[in-house]
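This report refers to the structure that appears directly beneath it.
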Amino acid sequence: EVQLVESGGGLVQAGGSLRLSCAASGFTFDNYAIGWFRQAPGKEREGVSCISSRDGSTYYQDSVKGRFTISSDNAKNTVYLQMNSLKPEDTAVYYCAAADLVWGAWMQITTSVYEYWGQGTQVTVSS
């Protein structure tokens, strides 16, 4: 059974930091890219960042470049999203998802490419 389990969300003041974790199981981790997405109330789900578990290539949405860092621990089948300098507009439910690397579009961080999804973790940034 494929599982993606997010953790690490919470309430933080603007300027603070959080580290999200995504623990994956049930598929061959090295054959997949893992992406982080977020969805704020009343808005569409958007891609934030992604990483190839095979070679470590990373991509970021422009609004988080320089503030967020994605990383992978392949020995633990876990991907992390370190979020620094958080802003109120980062408030959302954050989801991790997996896309087969055979689909080259994984780096575009679009929901249609990612086939497996976690349940999400809430991140709230207060001003």
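- Within the structure, the salt bridge (charged side-chain N to carboxylate O under 4.0 Å, His left out) test picks out the following pairs touching residues 58-84 (sequence neighbours left out): Asp62-Lys65, Arg67-Asp90.
- Residues Ile70 and Val79 meet the side-chain proximity criterion, which asks for heavy atoms closer than 4.5 Å.
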**Study point:** Evaluation steps, side chain to side chain contact (heavy atoms under 4.5 Å, CB included), between Ser72 and Thr78
**Key:** CA-CA 6 Å; Ser72 179; Thr78 299; over 6 Å; no
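- The list of disulfide (SG to SG under 2.5 Å) pairs with a residue in residues 40-85, not counting sequence neighbours, is empty.
- Note: Leu81 CG to Cys22 SG = 10.0 Å, rounded to the nearest 0.5 Å.
- Ring centroids of Phe37 and Trp117 are separated by less than 6.0 Å, placing the two rings close together.
- Here Ser57 pairs with Asp55 under the side chain to side chain donor-acceptor pair (under 3.5 Å) rule; sequence neighbours left out.
- Gly8 and Leu18 get closest at one heavy-atom pair: O-CD2, 3.8 Å.
- Of the possible donor and acceptor atoms, none in the side chain of Ser52 sits under 3.5 Å from a partner among the backbone N and O of Ala33.
- With contacts defined as side-chain heavy-atom distances shorter than 4.5 Å, the pair Leu20/Glu6 does not qualify.
- Applying the side chain to side chain donor-acceptor pair (under 3.5 Å) rule to Ser17 yields the partners Asn84; only residues at least two apart in sequence or on another chain are considered.
- For residues 1-27, the ring-ring contact (aromatic ring centres under 6.0 Å, His included) pairs, not counting sequence neighbours, are Phe27-Tyr32, Phe27-Tyr116.
- Smallest separation of non-hydrogen atoms from Phe29 and Ile34: CE1-CG1, 4.0 Å.
- In this view, Ser126 and Leu11, Gln13 satisfy the side chain to side chain contact (heavy atoms under 4.5 Å, CB included) rule, not counting sequence neighbours.
- Residues Val123 and Gly9 approach most closely at CG2-CA, 4.1 Å, considering heavy atoms.
- To the nearest 0.5 Å, atom CD of residue Gln82 and atom OG of residue Ser49 are 12.0 Å apart.
- If you chain together hydrophobic residues whose side chains sit under 4.5 Å apart, Val125 and Val93 never meet in one group.
- Rounded to the nearest 0.5 Å, atoms OG (Ser71) and CD1 (Ile51) are 6.5 Å apart.
- Thr69 has its side chain out of reach of Tyr80: every pair of non-hydrogen atoms, C-beta onward, lies at least 4.5 Å apart.
- Sequence neighbours left out, the pairs with a member in residues 42-54 that pass salt bridge (charged side-chain N to carboxylate O under 4.0 Å, His left out) are Arg38-Glu46.
- Residues satisfying the side chain to side chain donor-acceptor pair (under 3.5 Å) test with Gln122, not counting sequence neighbours, are Thr124.
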For residues 95-109, please give each side-chain donor-acceptor pair under 3.5 Å, one per line with the distance, not counting sequence neighbours.
residue: Asp100; atom: OD1; partner: Val102; partner atom: N; Å: 2.9

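- Partners of Ser25 according to the side chain to side chain contact (heavy atoms under 4.5 Å, CB included) rule, which considers only residues two or more places apart in sequence or in another chain, are Gln3.
- Shown here are the ring pair (Phe, Tyr, Trp, His ring centres under 6.0 Å) partners of Tyr94, two or more places apart in sequence or in another chain: there are none.
- In this structure, the side chain of Asp30 does not engage the main chain of Asn74 through any donor-acceptor pair within 3.5 Å.
- Inter-residue side-chain proximity for Val48 and Tyr60 is flagged as unmet; no heavy-atom pair is nearer than 4.5 Å.
- Clustering ILVMFWY residues whenever any of their side-chain heavy atoms sit less than 4.5 angstrom apart, transitively, puts Tyr114 in a cluster other than the one holding Trp36.
- Residue pairs meeting the salt bridge (charged side-chain N to carboxylate O under 4.0 Å, His left out) criterion with at least one partner in residues 8-23, sequence neighbours excluded, do not occur; the list is empty.
- When every heavy atom of Ser127 is checked against every heavy atom of Pro88, the shortest pair comes out as CB-CG, 3.8 Å.
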